[in-house]
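See below for the structure under consideration.
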Amino acid sequence: MNDLIKNIFRLFIFIVVQVYVLDKLPPLHRFVIPYIYFLFILWLPFSLSRFGLLLIAFVTGLILDYFKQTPGLHAAACVLIAYARPFIISVLTPKDSTEFNYREPSPRAMGWAPYSVYVLILTLLHHTYLTLLEWLQFGTFLDFIIKVLSTTAISLLLIFTVELLFPRKLKFRTNTA
Amino acid sequence: MGVASEMTGTMNTQVDKLDDYFHQGEENKRVHKMNDSLLNLLKINFSIPDSGQRVVLDSAMIDSVKQFRKYIWRDAKVVYNTINSEKNYLQLNRGAKYGISDNMAVLNSDGAVVGQVVNVSPNFSEVMSLLHVQSSVSAALKKTGDAGKLEWDGKDPRFVQLKGISKSVEVKVGDTVVTSRYSYNFPPDKFIGRIAGVSSDPATGFYLLKVKTAVNFGSIQQVFVVENLQREEQEQLEKDTEKKVEQQKKGK
């Protein structure tokens, strides 16, 4: 399948799951809010330029904002992780490019350990920023810390569940693509 | 955000249609109960004893029945609703085209308070529910009539907080909380909830009352949007009064 079509399809699925499943769950606890839609940004192909990444992340965040009536909140967090993504990938992936020729980040492409670190850092970043923006208007500092940690924990749980349930097919970067 | 709710609204409506199939049984029972309570009010259920009838000359020369309509109720359907955020909104399937505008009150189908309209687009409207940390509704104790402010602390979606009731008032767990007569948005004496906990606010010396909401915010389906037809006049009067008093001060 074409990368573009595949990613549009993916965005649709992630938004629908986030808006109509995770946000409609009976509240587990006020600190535990399940988020998974940003995994879409984590899964984008390596080949995208930084500008493209930022633009796609902004649109992703904005779509969710439109559903949740929070203009700019998720868009801001998404753009932040899209900006940080290339740095983290370049640190975590092997420098030797012959060994490294997958299209997009996945446990198989990067190895479980580096991939986990990649997911952990970006998830933490996303939630810290998101919660920070909310917290500036409302709540105490302890609330802020606990909320970031617990929300990150539930997101990681969801992300690894998704990785184990839906292993993506290996896609090699070829000369023709 | 008006354009945004148009876009999300169409999608939410479709998902809501699907969701409706899972609640039809409950909804049917609720409507039947409501019908029952209304049928019981019909005139035909009451007979008048003979001595009750006598001819009286109506001394009012004008038709005093139709004069003051203060509230108009409009029906609407909730198409999207969350309760797990600190700022919860509901989306309704009626908008400006149906006559809905900002600041109208939203009550559930049993007449209990849900929230107030904060934004409208042509076909949809956004409602700030009671479960919103910025929401503030004028509420009163039904028993004594003392008014306070109803707010939410963002913690438990089953409970909201009633502040500003003086400690001289006797309050018990289980007392009914209704909308106050001073609100511009809400019709008076609409059920909000019952008091579930009494404590005092150390900062102000007033009560801090925990109120269990009458509405189950997780499962709102049908609502009424209530418009106060005299709202503009009331607000205008308030503004004008302030202006007048200011001018008098300057004149002295």
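Chain identifiers are assigned alphabetically (A, B, ...) following the order of the sequence lines, protein sequences preceding nucleic acid strands; residue numbering begins at 1 within each chain.
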Do any N or O atoms from the side chain of B:S129 and from the backbone of B:G115 form a donor-acceptor pair under 3.5 angstrom? no

For the pair B:S199 (side chain) and B:L208 (backbone), establish whether a donor and an acceptor sit closer than 3.5 Å, ignoring hydrogens and angles. yes

Please look at [X] and chain B and tell me whether the side chain, the backbone, both or neither of the residue comes under 4.5 angstrom of a heavy atom of that chain.
X     : result
A:V32 : neither
A:I15 : neither
A:L62 : neither

Residues of residues 71-84 of chain B with any heavy atom under 4.5 Å of a heavy atom in chain A: B:V79, B:Y80, B:N81, B:T82, B:I83, B:N84

Would you say [Y] and [X] are linked by a side-chain donor-acceptor pair, where the criterion is simply a distance under 3.5 Å?
X      : Y      : value
B:N119 : A:Q69  : no
B:Q116 : B:N103 : no
A:Y35  : A:H126 : no

Mutual orientation of the aromatic rings belonging to A:F144 and A:W135 [parallel < 30°, tilted 30-60°, perpendicular > 60°]: parallel

Where does B:M7 contact chain A at under 4.5 Å (heavy atoms): side chain, backbone, both or neither? side chain

Cationic tip of B:R94 above B:F224 ring, under 6.0 Å, 45° of axis: no

Can you check side-chain contact (heavy atoms from CB on, under 4.5 Å) on B:D110 and B:F191, steps first, answer last? CA-CA 9 Å; B:D110 299 326; B:F191 194 26; over 6 Å; no

